[in-house]
Amino acid sequence: MNPPVYLPLIGYREFPPDEMRTRASAFYEDIRRRRTVRDFSDRPVPKAVIEDCIRAAGTAPSGANMQPWTFVAVSDPAVKTRIRAAAEEEEREFYAHRAPQEWLDALEPLGTDPNKPFIETAPYLIAIFVQNYGVRENGQQVKHYYANESVGIATGTLIAAVHNAGLASLTHTPSPMRFLNDILERPQNERPFLLLVVGYPAENATVPKIAKKGLDEIAVFV
Ligand code: IYR
């Protein structure tokens, strides 16, 4: 067994209360500008930006620090075309048959439909996979803990990083999306979690008129 090794907490920064308040408020003001975008420009984005955003996502906390995630950044147009075709096939099934009316009603304000042109237009798709378990070099399986929660946190960090870089994103969840394993040649232990579409918004991009709940509706202080 390996005993724990501890290091000094060198990265932590405390701010005086005033500055803390300014920073908290500034972060909120910035992150509240984030909108899920469905109209993307085909303008290229630097690969180095995507790399840093994924690095940021990879700093997320995870169960027993297993880091049970794989990010596949797709820019190859041929691969995007295959993903679009497969996603639209599932979505046609979803909108025509699989989705209960209640779900379709809930989606109505968003105006979504089975057509997913953004999958080909946007410069990057980041397919996020949950590793249900890890696999050592020798093939031995390693247990992962709270894998979904961990990947959810990492995905939130990725979305914030992309926004911070000045890019827009779309959390796309074609369902089922096992086709991503085939197209992206991911192993059995990995399960698609979400397809994050990343790029600049199209020049005349519009977003649905929806609102976020206020603090009173989402939080209770006791
Ligand atoms: N996956 C479908 C449907 C969809 C579901 C939810 I929940 C959304 O918030 C948005 C869309 C699609 O992508 O169209």
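Position 1 is the first residue of the sequence, and the numbers go up from there. Ligands are counted one by one from 1 in listed order, and the atoms in each one are counted from 1 as well.
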query: According to the side-chain hydrogen bond (donor to acceptor under 3.5 Å, both in side chains) rule, which pairs have a member within residues 50-62, sequence neighbours left out?
result: Asp52-Arg55
Report each N/O pair between ligand 1 and the protein that falls under 3.5 Å, naming both atoms.
from     : atom 1 : to     : atom 2 : distance (Å)
ligand 1 : 1 (N)  : Glu91  : OE1    : 3.4
ligand 1 : 1 (N)  : Glu91  : OE2    : 3.0
ligand 1 : 1 (N)  : Thr173 : O      : 3.2
ligand 1 : 13 (O) : Glu91  : OE2    : 3.3
ligand 1 : 13 (O) : Lys116 : NZ     : 3.3
ligand 1 : 13 (O) : His172 : ND1    : 3.2
ligand 1 : 14 (O) : Tyr95  : OH     : 2.5
ligand 1 : 14 (O) : Lys116 : NZ     : 2.5

Criterion side-chain contact (heavy atoms from CB on, under 4.5 Å) against Leu104, the qualifying member of Glu102, Gln101, Glu108: Gln101
Show me the donor-acceptor pairs, under 3.5 Å and distance only, between side chains in residues 186-196 and residues at least two apart or in other chains.
from   : atom 1 : to     : atom 2 : distance (Å)
Arg186 : NE     : Glu190 : OE1    : 2.8
Arg186 : NH2    : Glu190 : OE1    : 3.4
Arg186 : NH2    : Glu190 : OE2    : 3.0
Asn189 : ND2    : Tyr133 : O      : 2.8
Glu190 : OE2    : Thr70  : OG1    : 3.0
Arg191 : NE     : Asn132 : OD1    : 3.2
Arg191 : NH2    : Asn132 : OD1    : 2.8

statement: Sorted by chain and number, sequence neighbours left out, salt bridge (Lys or Arg N to Asp or Glu O under 4.0 Å) with Glu89 holds for none
- prompt: Considering residues, nucleotides and ligands other than Asp182, do more than 12 of their heavy atoms fall under 6.0 Å from its CG?
  reply: yes
- prompt: Can you tell me how far OG of Ser175 sits from CD of Glu90, rounded to the nearest 0.5 angstrom?
  reply: 7.5 Å
